[in-house]
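Note sheet for the following structure.
Chain letters run A, B, ... following the sequence lines, proteins first, then strands; residues in each count from 1. Side chains are part of it too, since the values below use all heavy atoms of this structure and drop only hydrogens, waters and symmetry mates.
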Amino acid sequence: MKQEIRVRFAPSPTGPLHIGGVRTALYNYLFARKNGGKMILRIEDTDQTRFVPGAEEYIIESLKWCGIQFDEGIEQGGPHTPYRQSERKELYRRYADDLIAKTYAYFAFDTPEELDALRKEAESKKSTFVYNAESRRKLRNSLTLSAEETTRLIQSGTPYVIRIRIPEEGQIVVSDLIRGTVTVDCVQLDDKVLFKADGLPTYHLANVVDDYLMGITHVIRGEEWLPSAPLHVLLYRCLGIEDHMPQFAHLPLLLKPDGNGKLSKRDGDRLGFPVFPLRWTDPQSGEQSSGYRESGYFPDAFINMLAFLGWNPGTEQEIFSMEELIQAFSLDRVGKSGSKFDPEKARWFNHQYLIQRSDDDITGLWMPVLKEYNIDASGSYTKDVVKLIRERVSFIHELWEQGWFFFKAPEEYDAEVIRKRWTDGIGTQLEDLAEKILVLEPFNRESLESCIKDSIASGGLNNGQVMNLLRLCMVGSSKGPDLISMMTLLGREEATARIRRAVQKISRQT
RNA sequence: GGUCCGUUCGUCUAGCUGGUUAGGACGCCAGGUUUUCAUCCUGGAAAUCAGGGGUUCGAAUCCCCUACGGACUGCCA
């Protein structure tokens with residue numbers, strides 16, 4: 001029987017989840033669903049100093065909004081409860097002790113201050129301090145101290161950490177589903193801390209132990225983890241669980257739209273687009289960061305856009321529902337190089353999703369927005385408006401800009417249009433036309449159209465001039481949907497009132 | 001500095017096992033539709049495949065070097 005595929009998304013609750021993280025979660029999710037596997041949410045909160053209140057809730061809410069679902073995790077439970085590392089605290093020590101017993105790890109008593117000093121000193125000599133096979137010989141640890149001294153220090157309560165003892169020679173080979181084989185010499189690795197003085201494991205230990213315990217088969221994570229992947233491979237080996245080592249897939253990074261570097265929180269504020277799925281308020285500073293949800297993006301559009309940043313189906317199809325993404329997804333179609341995030345394309349995706357929606361959907365979404373503008377219109381009227389302007393926008397909130405004049409008469413009239421089209425005597429002719437429209441029977445598209453045409457013909461007027469001025473009367477500028485449709489929808493009273501009103505106002509100005 | 005990863009139109013990318021006029025999308029430009037604006041449709045410009053060496057009849061595709069970019073280099077994840 002084939003082994004069940006199990007993947008995990010393992011964020012740290014140190015702040016809001018950024019879109020790079022959402023994409024990592026998405027790829028994990030797609031991979032799991034595509035292969036009939038399980039998706040697990042594990043919270044990696046082993047650093048109590050960086051804990052941010054609300055971050056965990058934010059992460060969960062974000063993923064829900066995106067439609068990324070978990071089979072196991074802090075909310076839905078599962079066979080490996082608990083799913084929060086802080087609650088699994090007792091589990092890790094055993095593995096660290098096991099490593100010590102096998103001499104793959106050792107106790108180190110160096111204080112943070114001492115190490116800091118060493119780093120500073122090295123820096124001043126333009127080199128980097130590395131805790132490795134060479135330097136550990138000169139530092140205070142269970143490798144240099146006698147067994148008695150080590151025991152004495154530990155028993156007297158001296159703070160210590162447990163570090164891995166990297167082999168002095170040999171190579172470590174990481175095989176990566178996206179990058180192929182990555183080989184690193186052990187000499188290049190350093191004796192990373194596995195277990196901290198506060199009694200909690202570091203990422204490296206906790207991650208490997210939990211992935212093992214939770215039966216994770218594929219580790220799909222960001223490229224920033226590639227440099228420590230050899231350490232993780234070594235850990236599986238030292239722990240004697242190499243047979244359970246998952247397959248690795250390191251995803252390329254999301255880059256800034258301009259210039260170079262990893263996309264960061266700052267970029268969004270600077271370039272005017274969200275970097276986070278949901279709006280986030282920093283509990284400490286109160287600083288706000290915008291979110292895709294609040295900016296009017298549809299979750300499926302956002303997900304579609306994100307999926308295409310680093311992956312493509314190899315066909316020309318670009319619009320994919322979550323279901324379609326699941327069907328089409330495969331890790332070997334994930335690229336190797338980082339991608340710059342493009343806000344313009346994100347906008348285009350949203351447009352595609354908006355025009356796919358039904359008139360009723362769009363109307364339903366717009367009604368509450370109209371209320372905020374103090375517009376109290378009926379659903380059926382609003383829907384008629386939606387039909388006329390839906391193609392023109394990418395976001396629900398843009399409907400107002402494209403159709404406010406269906407709900408109130410313009411207050412101002414574009415001076416440029418007046419200058420170009422307004423002539424002496426045109427006012428009275430427009431008023432005559434208004435008169436005819438008011439008594440038009442029946443009042444509909446066809447009759448209105450022929451009424452205007454007749455009036456133009458009999459008055460010897462310029463076609464373009466009248467049409468554009470009528471538009472000016474209705475909208476206040478040379479914008480908007482088809483004039484006849486617009487006037488029909490506004491109704492004869494409103495349409496004629498707007499003509500009279502405009503003629504009055506403009507005549508006074510000119 | 002060191003280690004590792006990467007490099008095809010401005011951007012996202014196709015091009016999997018060497019032979020294509022290097023394809024698509026966003027954006028941009030032009031024309032058409034709309035007597036308006038937007039949408040939409042059609043067309044166009046846009047990558048000497050980072051550069052240089054090889055291998056080969058033939059390389060964006062394989063190898064090497066260089067350059068550039070990025071990540072990592074914490075008792076952070």
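A:R163 comes within 4.0 angstrom of sugar-phosphate atoms only, judged by non-hydrogen atoms across all strands, and of no base. Nucleic acid contact for A:S12: sugar-phosphate only, since backbone atoms but no base atoms lie under 4.0 Å from a heavy atom of the residue. Counting any heavy atom pair closer than 4.0 Å across all strands shown, A:G310 reaches sugar-phosphate atoms only and no base atom. Within 4.0 Å of A:P252, counting heavy atoms only, lies no atom of the nucleic acid at all. As judged by a 4.0 angstrom heavy-atom cut-off over every strand, A:V193 is placed among residues touching the sugar-phosphate backbone only. Residue A:Y203 is classed as a base contact, given a heavy-atom separation below 4.0 Å to a base. At a threshold of 4.0 angstrom between heavy atoms, the contacts of A:N207 with the nucleic acid are absent. Nucleic acid contact for A:S339: sugar-phosphate only, since backbone atoms but no base atoms lie under 4.0 Å from a heavy atom of the residue. Using a 4.0 Å heavy-atom distance criterion, A:G480 is classed as a base contact. Residue contacts for A:R179: at a heavy-atom cut-off of 4.0 Å it reaches the sugar-phosphate backbone alone, with no base atom in range. The residue A:K126 sits apart from the nucleic acid: no heavy atom pair falls under 4.0 Å. A:D110 comes within 4.0 angstrom of a nucleotide base, judged by non-hydrogen atoms across all strands.
Two rings, from A:F302 and A:Y297, have their centers 6.0 Å or more apart. Here A:F329 and A:W311 bring their ring centres to under 6.0 angstrom of each other. Outside the 6.0 Å centre-distance limit, the rings of A:F195 and A:Y160 are not counted as a close aromatic pair.
Residue A:N312 places at least one side-chain N or O under 4.0 Å from the OP1 or OP2 atom of B:A14. Dashed line: the shortest gap from a side-chain N or O of A:R347 to OP1 or OP2 of B:C26 is not under 4.0 Å. Between B:C40 and A:H351, a contact under 4.0 Å exists linking OP1 or OP2 to a side-chain N or O. Phosphate contact (OP1/OP2 of B:A77, side-chain N/O of A:K196, threshold under 4.0 Å): present. Taking side-chain N and O atoms only, A:T46 has a distance below 4.0 Å to OP1 or OP2 of B:A77. The shortest distance between the side-chain N/O atoms of A:R119 and the OP1/OP2 oxygens of B:C75 is below 4.0 Å.
The residue among A:G335 and A:F129 whose nearest nucleotide of RNA chain B is located toward the 5' end is A:G335. Looking at which nucleotide of RNA chain B each of A:D185 and A:T111 is closest to, the 5′-most match is held by A:D185.
Rounded to a whole Å, the CD1 atom of A:I389 is 17 Å from the C1' atom of B:U34. Between A:R23 atom CZ and B:C12 atom P there is a gap of 12 Å when expressed in whole angstrom units. Summarising the geometry, the separation between CG on A:L189 and P on B:G74 is reported as 12 Å, rounded to the nearest angstrom. The interatomic distance linking A:E398 (CD) with B:A38 (P) rounds to 14 Å, in whole Å. One atom, NE2 of A:H18, and another, C1' of B:C76, lie 16 Å apart when rounded to the nearest Å. Rounded to whole angstrom, the span from the CH2 atom of A:W348 across to the P atom of B:C40 amounts to 10 Å. Across the protein-nucleic acid pair, A:L306 atom CG and B:C26 atom P stand 19 Å apart, rounded to whole Å. Rounded to an integer number of Å, the gap from CZ of A:R333 to C1' of B:A14 is 7 Å.
Only the C1' atoms considered, B:U17 is 24 Å distant from B:U21, to the nearest whole Å. One P atom belongs to B:C5, the other to B:C65, and the distance between them is 13 Å to the nearest Å. With P as the reference atom, B:U36 and B:C26 are 24 Å apart, rounded to whole Å. Here, B:U48 and B:G32 have their C1' atoms 35 Å apart, quoted to the whole Å. B:C16 and B:A59 are spaced 16 Å apart, taking the C1' atom of each and rounding to whole Å. Going from the P atom of B:C37 to that of B:A45 covers 26 Å, rounded to whole Å. Nucleotides B:A71 and B:C12 have their P atoms positioned 16 Å apart, rounded to a whole Å. Distance check on atom P: B:A60 versus B:U3 gives 31 Å, rounded to whole Å.
Base-pair partner of B:A67: B:U7 (Watson-Crick or G-U wobble, both distances under 3.5 Å). Within the shown strands, B:C72 is the pairing partner of B:G2 under the Watson-Crick or G-U definition, both distances less than 3.5 Å. Of all nucleotides present, none satisfies the Watson-Crick or G-U wobble test against B:C49 with each distance under 3.5 Å. Of all nucleotides present, none satisfies the Watson-Crick or G-U wobble test against B:C16 with each distance under 3.5 Å. The partner of B:U55 is absent, by the rule that a Watson-Crick or G-U pair needs both atom distances under 3.5 Å. Across all strands shown, B:U34 remains unpaired; no Watson-Crick or G-U wobble contact has both distances below 3.5 Å. Judged by Watson-Crick or G-U wobble contacts below 3.5 Å, the nucleotide B:A60 has no partner.
Ring-plane geometry between A:Y203 and A:W225 is classed as parallel, the angle between the planes falling under 30 degrees on a 0 to 90 degree scale with a further cut at 60. The aromatic rings of A:H397 and A:F395 sit parallel, their planes meeting at an angle under 30°, below the 60° perpendicular limit. Below 30°, between 30° and 60°, or above 60°: for A:F407 and A:W366 the angle between ring planes is above 60°, a perpendicular geometry.
Picking from B:G2, B:U11, B:C75 the nucleotide with the shortest atom distance to the side chain of A:K340 gives B:U11. Taking only side-chain atoms of A:E391, from C-beta outward, the nucleotide of B:U36, B:C72, B:U39 with the closest atom is B:U39. Checking B:C26, B:C72, B:C5 against every side-chain atom of A:V182, the shortest atom distance belongs to B:C5.
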Please test A:R392 against A:Q402 for side-chain hydrogen bond (donor to acceptor under 3.5 Å, both in side chains), starting from the C-alpha separation and ending with a verdict.
-> CA-CA 7 Å; A:R392 315 167 77 87; A:Q402 293 297 326; 3.3 Å; yes

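In this structure, the side chain of A:T158 does not engage the main chain of A:I154 through any donor-acceptor pair within 3.5 Å.
With hydrogens and angles ignored, no donor-acceptor pair closer than 3.5 Å exists between the side chain of A:T128 and the base of B:G2.
A cation-pi contact, defined as under 6.0 Å to the ring centre and within 45° of the axis, links A:R357 to A:F298. Figure legend: cation-pi geometry between A:R42 and A:F9 absent, as NZ or CZ is not positioned both under 6.0 Å from the six-membered ring centre and within 45° of its axis.
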Dump the pairs, protein N or O against N or O of nucleotides 19-21 of chain B, anything under 3.5 Å, distances to one decimal.
none

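Residues that satisfy the side-chain contact (heavy atoms from CB on, under 4.5 Å) test with A:S330, not counting sequence neighbours, are A:D332, A:R333.
Annotation for A:E494: atom CD counts as buried by contact number, over 12 foreign heavy atoms lying within 6.0 Å.
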